Amino acid sequence: MYSKEVMDHFMNPRNVGEIPDADGVGEEGNPTCGDVMKISIKVKDGKIIDAKFKTFGCGAAIAVSSMVTEMVKGKTIEEALSISKETVAEALGGLPAQKMHCSNLGADALRRAIEDYKSKQGIQTPKAAKTKKKKAKTVKKTRKGT
Amino acid sequence: MYSKEVMDHFMNPRNVGEIPDADGVGEEGNPTCGDVMKISIKVKDGKIIDAKFKTFGCGAAIAVSSMVTEMVKGKTIEEALSISKETVAEALGGLPAQKMHCSNLGADALRRAIEDYKSKQGIQTPKAAKTKKKKAKTVKKTRKGT
Amino acid sequence: MKIRYFDHVATNPLREEILEAMLPYLKEEFGNPLSPYELGTRARTAIEEAREKVASLIGAKPSAVIFTSSGAEANNFALRGIALARQNKGKHIIVSRVEHHSVLNSARFLEKSGFTVTFLPVDKHGMVEPDTLKKAITKETTLVSIIHASPEVGTIQPIKELSAIAKENDIIFHTDAVASAGNIPVDVNELGVDLLSLAAHQFYGPKGAAALYVRPGLRIVPLIYGGIQENGRRAGTENVPAIVGMGKAAQMAKAELPEKMKHVKKLRDKLIEGITKVENVYLTGHPTERLPGHASFCVEFIEGEAMLLMLAAKGIYAASGSACSSKALKASPVLLSMGIPASLAQGSIVFTLGSENSEEDIDYLLSEFPQIISRLREISPYAGGWGNTEEKGQCIPKK
Amino acid sequence: MKIRYFDHVATNPLREEILEAMLPYLKEEFGNPLSPYELGTRARTAIEEAREKVASLIGAKPSAVIFTSSGAEANNFALRGIALARQNKGKHIIVSRVEHHSVLNSARFLEKSGFTVTFLPVDKHGMVEPDTLKKAITKETTLVSIIHASPEVGTIQPIKELSAIAKENDIIFHTDAVASAGNIPVDVNELGVDLLSLAAHQFYGPKGAAALYVRPGLRIVPLIYGGIQENGRRAGTENVPAIVGMGKAAQMAKAELPEKMKHVKKLRDKLIEGITKVENVYLTGHPTERLPGHASFCVEFIEGEAMLLMLAAKGIYAASGSACSSKALKASPVLLSMGIPASLAQGSIVFTLGSENSEEDIDYLLSEFPQIISRLREISPYAGGWGNTEEKGQCIPKK
Ligand SMILES: Cc1ncc(COP(=O)(O)O)c(C=O)c1O
Ligand SMILES: Cc1ncc(COP(=O)(O)O)c(C=O)c1O
């Protein structure tokens with residue numbers, strides 16, 4: 001069902017935890033629906049130098065969180081904002097179609113963390129205050145026949 | 001599906017044919033429904049001394065005809081009239097339930113032959129003019145589960 | 001005694017290679033395809049692979065194939081599922097008089113549920129004339145279902161023409177291809193159909209696996225509700241081994257089709273030629289537009305079940321549409337609807353050939369069958385003719 | 001890696017002896033049971049023998065058993081077949097909220113077709129209280145369907161009491177015994193039911209064979225129309241091998257039931273005791289009135305599918321009612337209807353045991369599972385509790 005990369009990030013998740021003196025914290029999801037992701041970031045000179053996550057959710061949700069925190073490290077804030085559901089899924093070698101939207105909240109949680117960081121810094125981001133909700137255009141690996 | 005006796009009487013039917021100078025001839029059934037039996041009898045001193053049949057129909061119909069002509073030989077007219085669907089079926093080791101009524105016309109054809117004989121003899125049988133239609137009470141061997 | 005099986009339209013033996021393909025799923029690969037662990041996902045993969053193979057046999061997309069448990073279920077699903085899904089557009093459906101019971105009786109059920117059904121007549125070959133269909137269409141018509149090939153008389157319907165008429169009128173078209181799929185080329189796009197039923201046991205696959213093709217995008221109401229198997233369109237734990245077997249059977253049938261058709265057609269032609277030499281034996285169905293392995297006759301003055309029994313005693317297995325040979329005790333409505341008199345219909349006998357039949361089988365049949373006919377005619381009161389009251393012309397089914 | 005299969009409620013492996021019994025019907029005994037020659041009559045006999053065995057498992061007359069292709073089909077058949085057959089008497093039916101999807105969705109289909117449906121609530125153990133049923137009955141009620149045992153929480157319903165209430169009110173009673181038949185004693189007369197569904201793959205039989213018991217004399221409208229198979233009540237060429245397998249499975253299940261129950265109950269008790277030692281792990285379903293091999297829990301602060309994956313990585317196969325583990329992406333309605341908060345329901349995990357499980361399997365599970373819980377809780381943001389906004393009391397399913 002899951003790709004090798006998903007299973008690897010699920011079984012050996014990277015960056016589990018919380019950054020005690022985080023510069024930004026973001027949460028997305030609701031436990032009554034199944035998945036919640038909490039991401040904390042550390043920013044230095046406009047670059048994300050550390051990211052950690054805590055996730056309540058299925059294998060895909062945990063793998064997505066792990067992958068997002070890996071992808072984001074070393075990126076500038078602007079670069080980090082370009083991370084989307086699709087790029088995360090792609091980096092994971094694809095996600096089952098049904099998991100694409102419900103468990104793939106990493107990019108959203110990250111965006112919230114960045115917003116949090118910006119607002120703490122007093123940076124104005126009128127648009128970013130609302131999490132962009134784009135419809136996915138491509139789902140790379142879907143289960144056949146469904 | 002069929003008992004050994006049915007198969008024997010079907011594969012090796014007794015008394016096939018027509019008695020050229022028959023004393024009575026009876027026919028029952030309709031080819032559009034599947035089964036027709038024609039029985040001719042030769043009577044001497046109130047006893048049926050010969051019986052022959054011709055049948056259009058299924059295995060059960062042919063076996064029934066064969067059995068009826070066998071059963072009737074040597075019987076008096078009165079004895080012959082006591083032959084019923086049930087006694088024929090019994091003598092054949094049972095008939096499948098579904099064949100019990102549609103293909104078991106031997107006794108009826110025989111009765112018609114006897115009526116024919118009687119009317120030729122000028123014997124009055126006010127009741128017998130109408131073939132008795134009794135509902136079968138017992139069907140010895142039926143297919144299980146149906 | 002050697003058995004000569006000439007009843008491939010009743011069912012087929014399961015080919016050894018197909019059983020081999022099924023066996024793992026009857027043993028260690030027993031997982032439920034919905035289970036998330038590997039035992040389950042392997043079962044799911046096996047089903048999806050089978051779906052591709054079945055789809056490929058009929059030129060369809062895999063996602064358009066819904067597995068069912070039998071051809072009858074596929075037909076019920078098609079008729080009721082489409083009639084219900086489209087009942088707001090109209091409540092009239094059209095089927096032919098030569099459909100399988102599963103179509104006829106589904107149509108009758110719909111009739112009881114408030115739908116109007118037209119039962120289309122056929123010509124003496126059992127063929128639906130396109131004009132007849134055209135005339136039957138009303139503004140209310142939502143569905144037409146015409147059998148592809150008749151299991152009883154082998155006639156192949158002009159589905160392409162018929163489906164085109166439906167399409168022109170924006171009507172959904174279903175064909176019951178249970179007797180044809182795997183036996184002649186069946187391509188949903190060639191035929192222009194929206195739905196098509198097929199069953200594995202008709203092409204050397206297992207019993208318990210069949211399928212309904214539903215054109216992508218077409219909404220259909222489920223027949224069996226429940227979980228999300230078959231994309232929510234047909235619930236129930238999947239019969240994985242049987243589905244895998246159907247996949248393998250479809251793959252083999254596709255690969256071997258031209259050869260099989262050639263083989264059975266040759267045998268069939270010999271069989272027809274040999275048997276029709278006997279007096280008062282008539283071929284039923286279309287003389288040319290028929291299944292290549294299908295030879296069906298009416299033998300006058302004798303009855304089908306008696307023929308079957310005598311044939312069986314010689315190791316020859318065949319079928320009949322006579323009243324006595326049907327468990328429902330009714331002569332085949334297909335034969336009657338073709339105008340064959342009821343008395344003649346009693347003499348129905350059907351031989352359907354398969355890959356494993358040989359020329360020697362046919363020789364044997366041709367050497368035995370004429371004797372059987374003679375013997376039964378000796379017993380028959382009609383050997384000299386139906387007589388005054390039973391002339392052929394008058395034996396039209398009463399009712 | 002050694003696999004420990006704890007998902008017997010999903011499906012069971014096919015026992016070797018059962019496959020052996022089926023094999024002739026997958027090979028030389030391929031006849032269609034309707035065919036009049038011996039190949040056909042042997043198939044028919046095999047089906048009727050299987051029918052006797054299945055009937056014997058549930059204390060029924062053979063003629064009351066109708067074979068279907070799945071438990072889901074049996075449930076659809078029961079609900080729709082009875083609702084339609086009795087629609088002149090009334091158009092109200094009653095089912096519980098803890099039914100299988102095949103019952104729930106059949107009921108919803110009937111709702112769309114003009115019937116009224118009452119979905120009975122259950123208590124915290126998933127049990128229907130007889131009083132609740134009594135109150136739901138109206139003059140219009142024709143059918144009550146209550147599951148015998150829940151595949152999700154193992155709870156066994158007081159069917160005897162519930163069916164008695166139906167009987168008093170002249171209402172037909174159906175029970176879905178798919179998860180119980182073959183696993184605990186199931187006797188149609190003991191239970192007092194008019195209809196009962198069971199499926200072979202739940203007691204080591206094959207997929208593709210299931211049955212509906214219909215009390216003799218009770219009229220039911222077919223779900224699958226067509227020929228005269230199953231006495232005209234369920235059309236389609238019979239899946240002979242699967243039916244034979246179901247017969248054998250029923251026979252074996254009956255013979256081995258006491259021993260099996262004892263065996264799995266012992267393992268289950270050990271499993272429950274071991275797992276509930278972990279903090280914030282709750283048994284779901286009834287503590288005593290439950291299937292002997294059924295152990296189901298909610299593990300707080302973590303999610304079921306993640307548990308399943310980690311268990312599977314250790315060779316342990318189990319099930320979950322969490323939203324993410326269901327292909328429909330909804331948390332089990334059964335858990336929610338028992339009042340379990342939606343967030344807690346995400347932590348659902350279900351172990352169902354079978355004859356082939358050993359004590360060593362349980363030891364292994366108990367040694368591995370607590371670590372898996374810890375690991376996932378380490379990753380979970382809720383390890384310390386649901387927090388203010390997510391207090392258990394507030395996580396009642398919105399909707
Ligand atoms: C209680 C219950 N009813 C019905 C079903 C459906 O049976 P099947 O999977 O054979 O369609 C199941 C499936 O496990 C079940 O547990
Ligand atoms: C044309 C046709 N339709 C439907 C069916 C029913 O298929 P099944 O026997 O798989 O239910 C048959 C059976 O042979 C058939 O020949």
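Keep in mind that the numbers below use all heavy atoms, side chains included, and drop hydrogens, waters and symmetry copies. The model shown is predicted, which means the values in this text are computed figures rather than measured ones. Every chain is numbered from 1, with letters handed out A, B, ... down the list of sequences.
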Fill in: For D:S70 against C:G236, the heavy-atom pair lying closest together
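The pair with the smallest heavy-atom distance is OG-CA, 3.8 Å.
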Discussion item. I'd like to check the salt bridge (Lys or Arg N to Asp or Glu O under 4.0 Å) partners of C:E111; sequence neighbours left out, ordered by chain and number.
Written reply: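 C:E111 satisfies salt bridge (Lys or Arg N to Asp or Glu O under 4.0 Å) with no residue once adjacent residues are dropped.
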Worksheet item: CD1/D:I228 to NE2/C:H101 distance, rounded to the nearest 0.5 angstrom?
Response: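 These two atoms lie 8.5 Å from each other.
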Worksheet item: Rounded to the nearest 0.5 Å, what separation is found between the OG atom of C:S113 and the CG atom of D:L84?
Response: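 Rounded to the nearest 0.5 Å, the OG-CG separation comes to 7.0 Å.
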Check each atom of [X] against the heavy atoms of chain C and say whether the ones under 4.5 Å are side chain, backbone, both or neither.
{"X": "D:E238", "value": "backbone"}
{"X": "D:A319", "value": "neither"}
{"X": "D:L19", "value": "side chain"}

Practice prompt. Please state whether the rings of D:Y37 and C:Y5 are parallel, tilted or perpendicular, taking 30° and 60° as the class boundaries.
Written response: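 Aromatic pair D:Y37/C:Y5 classed perpendicular.
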Heavy atoms only, distances under 4.5 angstrom: which of [options] has the most pairs with chain C? Name it, please.
{"options": "D:L104, D:L39, D:T68", "result": "D:L39"}
{"options": "D:A318, D:G40, D:A313", "result": "D:A318"}
{"options": "D:T237, D:I224, D:L311", "result": "D:I224"}

Worksheet item: Among residues 239-249 of chain C, which residues come closer than 4.5 Å to chain D, judged by heavy atom distances?
Response: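 So the qualifying residues are C:N239, C:V240.
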Around atom [atom1] of [X], are there more than 12 heavy atoms of other residues, nucleotides or ligands at under 6.0 Å?
{"X": "C:K112", "atom1": "NZ", "result": "no"}
{"X": "D:K314", "atom1": "NZ", "result": "no"}
{"X": "C:E16", "atom1": "CD", "result": "no"}
{"X": "D:E17", "atom1": "CD", "result": "yes"}

Side chains of residues 73-80 of chain C: which donor-acceptor partners sit under 3.5 Å, not counting sequence neighbours?
{"residue": "C:E73", "atom": "OE1", "partner": "C:S69", "partner atom": "N", "Å": "2.9"}
{"residue": "C:E73", "atom": "OE1", "partner": "C:S69", "partner atom": "OG", "Å": "2.6"}
{"residue": "C:E73", "atom": "OE1", "partner": "C:R234", "partner atom": "NH2", "Å": "2.8"}
{"residue": "C:E73", "atom": "OE2", "partner": "C:R234", "partner atom": "NE", "Å": "2.8"}
{"residue": "C:E73", "atom": "OE2", "partner": "C:R234", "partner atom": "NH2", "Å": "3.3"}
{"residue": "C:N75", "atom": "OD1", "partner": "C:S197", "partner atom": "OG", "Å": "2.7"}
{"residue": "C:N75", "atom": "ND2", "partner": "C:S102", "partner atom": "OG", "Å": "3.0"}
{"residue": "C:N75", "atom": "ND2", "partner": "C:D176", "partner atom": "OD2", "Å": "3.0"}
{"residue": "C:N76", "atom": "OD1", "partner": "C:R80", "partner atom": "NH1", "Å": "3.3"}
{"residue": "C:N76", "atom": "OD1", "partner": "C:S106", "partner atom": "OG", "Å": "3.0"}
{"residue": "C:N76", "atom": "OD1", "partner": "D:Y225", "partner atom": "N", "Å": "2.8"}
{"residue": "C:N76", "atom": "ND2", "partner": "C:A72", "partner atom": "O", "Å": "2.8"}
{"residue": "C:N76", "atom": "ND2", "partner": "D:Y225", "partner atom": "O", "Å": "2.7"}
{"residue": "C:R80", "atom": "NH1", "partner": "D:L223", "partner atom": "O", "Å": "2.5"}

Item to complete: Name the region of C:E305, side chain, backbone, both or neither, that has any atom closer than 4.5 Å to a heavy atom of chain D.
Response: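 Neither part; nothing is under 4.5 Å.
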Worksheet item: Would D:V221 and C:F109 count as a side-chain contact (heavy atoms from CB on, under 4.5 Å) if you check the C-alpha gap in whole Å, the side-chain angles of each, and the deciding distance to 0.1 Å?
Response: CA-CA 10 Å; D:V221 170; C:F109 171 76; 4.0 Å; yes
Worksheet item: Among C:I18, C:D7, C:L308, which residue forms the greatest number of heavy-atom pairs with chain D at distances under 4.5 Å?
Response: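 Most pairs with chain D among the choices: C:D7.
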Practice prompt. Determine the option with the most heavy-atom pairs under 4.5 angstrom with chain D, choosing from C:G31, C:A312, C:P222, C:P13.
Written response: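 Of C:G31, C:A312, C:P222, C:P13, C:P13 has the most heavy-atom pairs under 4.5 Å with chain D.
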Practice prompt. Kindly indicate whether the side chain of D:N32, heavy atoms from C-beta on, has any atom under 4.5 Å from the side chain of C:V9.
Written response: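 No. Closest side-chain heavy atoms not under 4.5 Å.
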Would you be so kind as to tabulate the donor-acceptor pairs closer than 3.5 Å made by side chains of residues 203-212 of chain C, with sequence neighbours excluded?
{"residue": "C:Y204", "atom": "OH", "partner": "C:S355", "partner atom": "N", "Å": "2.9"}
{"residue": "C:Y204", "atom": "OH", "partner": "C:E356", "partner atom": "OE1", "Å": "2.6"}
{"residue": "C:K207", "atom": "NZ", "partner": "C:T11", "partner atom": "OG1", "Å": "3.2"}
{"residue": "C:K207", "atom": "NZ", "partner": "D:F30", "partner atom": "O", "Å": "2.6"}

